[in-house]
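Since the model is a prediction, treat every value here as computed from it, not as a measurement. In what follows, every heavy atom counts, from backbone to side chain, and hydrogens, waters and symmetry copies are set aside. Just follow the structure's listing: the first ligand is 1, and inside any ligand the first atom is 1.
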Amino acid sequence: MKTKISENTLELVTGDITEQTTEAIVNAANGSLLGGGGVDGAIHRAAGRALLDECKKVRAETLSGEELRAGEAVITKGHDLPAEWVIHTVGPVWTGGSDKEEEKLANCYRNALKLAMENNVKSISFPSISTGVYRFPIEQAAVIALQTVVDFLEEHPFGYAAFILFSDHDYRIYEAAMNRILQEE
Ligand code: ADP
């Protein structure tokens, strides 16, 4: 599914984010930036050891050794990936909705797009942040993810943004959410 948002294009596709050829892909990282399971593990495997080394450097230097907090984003090179850049953001762990999970999830998308623009990136691929191991209900996460990206694209000349959904099931949920958002626009 492909939609024009102002001058920009927003697309929903099923696929593997490690294979995307957008200038940047977004990683649903954990705060340590040292890799993990799910999409994070897949990105590190495909990018190679040099990504881990760069993440360690970012952690030590940019973050003064601290963990990256939920909703924040940092950028590295893509190394062995087809994408030139990886933007790492940490999604919130779902604990029932009372720990500002919605706001933190929206910040992930907004901060990733801001960082992309600061680095002159004009095309970006997102995974479905927080809806795997972090257990954010996907119907709710899809609306927040899409509304945040649509709002950003309405306000900024960006280029191309895609959501890479890892299953047909996830794709259909994002597609339904997108159709509802477009009806309300
Ligand atoms: P989180 O910890 O933020 O929940 P996960 O990696 O567990 O992150 O899951 C986030 C989403 O990424 C899930 O929908 C999962 O199915 C999906 N995913 C896993 N591997 C890939 C991949 N290679 N490409 C795109 N999406 C993926």
Side-chain angles (χ1 to χ4, degrees), residues 1-2 10-49 51-52 55 59 67-76 78-113 115-116 123-149 160-178:
M1 173 181 193
K2 207 179 210 176
L10 175 58
E11 189 166 26
L12 310 182
V13 292
T14 52
D16 181 338
I17 202 162
T18 64
E19 294 170 0
Q20 303 307 309
T21 56
T22 46
E23 289 168 58
I25 65 170
V26 175
N27 183 16
N30 62 57
S32 76
L33 293 185
L34 301 180
V39 70
D40 192 9
I43 288 172
H44 274 274
R45 276 192 300 280
R49 170 80 206 191
L51 178 62
L52 183 61
C55 283
R59 174 91 191 267
E67 295 215 329
L68 187 65
R69 289 199 300 260
E72 295 182 345
V74 294
I75 190 165
T76 66
H79 300 282
D80 293 345
L81 289 163
E84 191 182 345
W85 304 98
V86 180
I87 294 177
H88 307 258
T89 184
V90 179
V93 177
W94 178 261
T95 55
S98 55
D99 190 31
K100 299 195 173 152
E101 290 97 320
E102 296 200 338
E103 186 183 321
K104 289 173 186 168
L105 187 64
N107 286 341
C108 286
Y109 290 97
R110 211 177 289 124
N111 286 329
L113 285 164
L115 197 51
S123 60
I124 192 167
S125 298
F126 287 101
S128 178
I129 298 166
S130 281
T131 66
V133 175
Y134 284 0
R135 301 185 312 272
F136 204 120
I138 188 166
E139 284 81 1
Q140 211 172 324
V143 174
I144 295 163
L146 289 165
Q147 189 69 64
T148 305
V149 173
Y160 173 88
F163 281 86
I164 313 302
L165 290 323
F166 205 43
S167 67
D168 291 339
H169 171 260
D170 290 1
Y171 177 86
R172 281 193 291 272
I173 291 169
Y174 271 73
E175 186 184 42
M178 189 71 217

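Using a 4.0 Å cut-off to heavy atoms of A42, the atoms of ligand 1 that qualify are 23 (N). Every atom of ligand 1 is numbered from 1 in the order shown, and the set under 4.0 Å from a heavy atom of D170 is 14 (O).
At the shortest separation from atom 12 (O) of ligand 1 among protein heavy atoms lies V39 CB, 3.9 Å. When only non-hydrogen protein atoms are considered, atom 4 (O) of ligand 1 lies nearest to G132 N, 2.9 Å. When hydrogens are left out, the protein atom nearest atom 23 (N) of ligand 1 is D16 OD1, 2.9 Å; that is the closest non-hydrogen contact. When only non-hydrogen protein atoms are considered, atom 7 (O) of ligand 1 lies nearest to V133 N, 2.8 Å. Shortest contact from atom 24 (N) of ligand 1 to any protein heavy atom: I17 N, 2.9 Å. Atom 8 (O) of ligand 1 has A28 CB, 4.0 Å as its closest protein atom, hydrogens excluded (heavy atom only).
Between G35 and D40, the shortest heavy-atom contact is C-OD2, 3.3 Å. In terms of heavy atoms, G48 sits closest to D80 at CA-OD2, 4.1 Å. Nearest heavy atom pair, residue P137 against residue W94, reads CD-CD2, 3.4 Å. What you find for A70 and K104 is that their closest heavy atoms are CB-CD, 4.0 Å.
Atoms CG and CG, on L51 and L81 in that order, are 7.0 Å from each other to the nearest 0.5 Å.
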CA sep, side-chain torsions, deciding dist, call: V149, L10, side-chain contact (heavy atoms from CB on, under 4.5 Å): CA-CA 9 Å; V149 173; L10 175 58; 4.1 Å; yes

Kindly determine whether F163 and L146 satisfy side-chain contact (heavy atoms from CB on, under 4.5 Å), including the steps that lead there. CA-CA 9 Å; F163 281 86; L146 289 165; 3.6 Å; yes

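Distances shorter than 4.0 angstrom occur between a heavy atom of G38 and an atom of ligand 1.
Considering G36, G37, S130, S128 only, the shortest heavy-atom separation from atom 1 (P) of ligand 1 involves S130. Of the candidates F126, F166, W94, Y134, the one placing a heavy atom closest to atom 2 (O) of ligand 1 is Y134.
S123 contributes a side-chain N or O that, together with a main-chain N or O of E23, makes up a donor-acceptor pair within less than 3.5 Å.
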